[in-house]
Amino acid sequence: MPTLDDVRVKELKEIARRVRIHVVKSTHAAGSGHPGGSLSATDILTALYFEVMNHNPEEPGWKDRDRLVLSKGHSAPALYGVLAEAGYFPVEELMTLRKLGSKLQGHPDMRKTPGVDISTGSLGQGLSISCGMAMAAKLDRRACRVFTICGDGEMQSGQIWEAAMFASHQKLDNLIVFVDRNNLQIDGSTEDVVSIEPLVSKWKAFGWNVKDIDGHDMEDIVNSVKELEESHGSPSVLIAHTTKGKGVPFMEGSLAFHGKAADDEQLKIALESLGGDL
Amino acid sequence: MWEMAKQRDAYGKTLVELGRQRDDIVVLGADLCGSCKVKNFGMEFPERFFNVGIAEQNLIGISAGLAASGKTVFASTFAVFATGRAYDQIRQSIAYPRLDVKIVATHAGITVGGDGASHQMLEDIALMRVLPNVNVVAPADYIETAKATRVVAETEGPIYVRLGRSNVPIITQEDDPFEMGVSTMLEDGTDVTLIGTGIMVSRCLKAAKILEKQHDIGARVINMSTIKPLDEKAIVKAAKDTGGVVTAEEHVVSQGMGSGISQVLSESYHVPMKRVGIPNVFGESGGSEELMDKYGLTAEHIVESAHDVISRR
């Protein structure tokens, strides 16, 4: 099993740090947005775009690229940060997030932002779209894979399970889902709102390969995807255990920062804890 | 009288022909593949046909993913499920990203009959025409359904096509043109205009005959097979030429085609108008013709409305 060397892990962590700074600054500049769920998904997105996925920022519409469906569309600031770092558009544009006339809408818009593979925002819909993309790849005999990031709260949505049932029926082994298991949704703990556990056995019962991973460990994220390349005939889901607000101590595990940006004072503290502004 | 045929048969047959010509066409159904007539496509092109089961939200989402990867997708189920159950999926995943998905719904309207209100979709034109980026087509008969199927396949972007369950009279000819957004004048007249869509077009023709024979009234009959974009030019011209407009649709009158036409006329050329359709109520079980009669959708109702319009001129 190939593993990442320490140097590469360090590089990925540094990119993720930069993305976290983008998330905090861009939502602060916008005065709104969802930093909590963006920060919990930052390491997964960084690992995917900088180590795992075949894609080309010079050619966003490349037909053989791997796709990313951000089913939890409110984590757009993290996706934008990663896309900018990858070179899809200038990093400076991140500060236009949510502003009138910006390419960077509050939720991802495939018609406005280079590198965004599909528009999302209404929760529960991404996995069905991923199924369609995975089917198209198989029809066209392309080797591309479809990566999907779902929120854990989305597991309460019926359409997720329609898609889950369909994907295993169609043997969509080019479909890989991350569940960003940060345990919180806007109204509280997922287990208090409507329990989604036991998550592993649910996905197993739907015919998926399932693995629990540490969603903040670059090696675990990258190696787990590589391991999946050995498994044929079934879609896969990685239950990525994460911390909402990861990297900014006062946002970690905080419900308040699900859908609220840092104020001026909080921004300073956040940047300090992330090792200083860029 | 007219020969009868089902619109959905024309849809199913044309889809197979399209499948032979284009390998980027993918067809999806949701457990009503036989009723929606997409089964034959599935038999000939099994690799490009997917039955998603009773899961309409998934049907629309999968269609979006296929279209985002370059396919032209036809997704079919009953109108009530296609537009009602999956409305947010159509809005968010098809309309907003402007993806090339054709939602071809069958069993629209009250002529569904015995299944009753739960299956009689009378609000779908309203739901679809209000969505940005989505165009709406309701062919009049078998021949026009075949043409519409071809034209929507070649017209990029989201389109909703509304088909019925029952046999309907064949009133158009093979060589009549069909163009998105362009209506056709089937009869010319100067006393009043009857604008029909879908299965109501034949009833407008019948009404025009009655008006001519029994009342010496010359009615212009327009087939408004594209409900969005509306053929505003033809609507305004008809209003100017005839001084009164009756619309007819198998749909609730609130926010249907007639509402669209009244909106056009209220902003550009005022004439007396009457909308023939179903009041804002749910349907019920019954025979198709019995229901059409009870809910005010016969040629006689159109004739009555024409008199009303003329009397208010």
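What you see is a predicted model, and the numbers here were worked out from it, not measured in a lab. A note on names: the letters A, B, ... follow the listed sequences, proteins ahead of strands, and every chain is numbered from 1.
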Heavy-atom pair count under 4.5 Å with chain A, highest-scoring of B:A67, B:G53, B:A64, B:P97: B:P97

field: Atom pair CG/SG of A:L70 and A:C150 - distance to nearest 0.5 Å
entry: 9.0 Å

query: Regarding A:R98 and A:T27, is there a side-chain donor-to-acceptor distance under 3.5 Å anywhere?
result: no

Heavy-atom pair of closest approach, residues A:V23 and A:S38: CG1-CB, 3.7 Å

query: If you look at every heavy atom in B:F41 and B:V16, which pair is closest and at what distance?
result: N-CG2, 3.7 Å

task: Against chain A, work out which of B:L99, B:V73, B:I54 has the most heavy-atom pairs shorter than 4.5 Å and name it.
output: B:L99

task: Please round to the nearest 0.5 Å and tell me the distance separating atom CG of B:L28 and atom SG of B:C33.
output: 8.5 Å

Using distance only, find each side-chain donor-acceptor pair of residues 44-51 of chain A under 3.5 Å and give its atom names and separation, not counting sequence neighbours.
from	atom 1	to	atom 2	distance (Å)
A:T46	OG1	A:T42	O	2.7
A:E51	OE1	A:R8	NE	2.6
A:E51	OE1	A:R8	NH2	3.3

- request: Give, as side chain, backbone, both or neither, the part of B:V26 having an atom under 4.5 angstrom from any heavy atom of chain A.
  value: side chain

For a quick check, list the donor-acceptor atom pairs closer than 3.5 Å between chain A and chain B, or say none.
from	atom 1	to	atom 2	distance (Å)
A:D109	OD2	B:Y96	OH	2.6
A:R111	NE	B:P97	O	2.7
A:R111	NH2	B:P97	O	2.9
A:R111	NH2	B:R98	O	3.0
A:S122	OG	B:D88	OD2	2.5
A:Q125	OE1	B:S93	OG	2.6
A:Q125	NE2	B:D88	OD2	2.8
A:S128	OG	B:N58	OD1	2.6
A:D140	OD1	B:K71	NZ	2.4
A:D140	OD2	B:K71	NZ	3.3
A:Q159	OE1	B:Q89	NE2	2.7
A:Q159	NE2	B:Q57	O	3.2
A:E162	O	B:N58	ND2	3.4
A:E162	OE1	B:N58	N	2.9

task: Specify the closest pair of heavy atoms between A:F206 and A:M165, including all atoms of both residues, with the distance to one decimal.
output: CD2-N, 3.7 Å

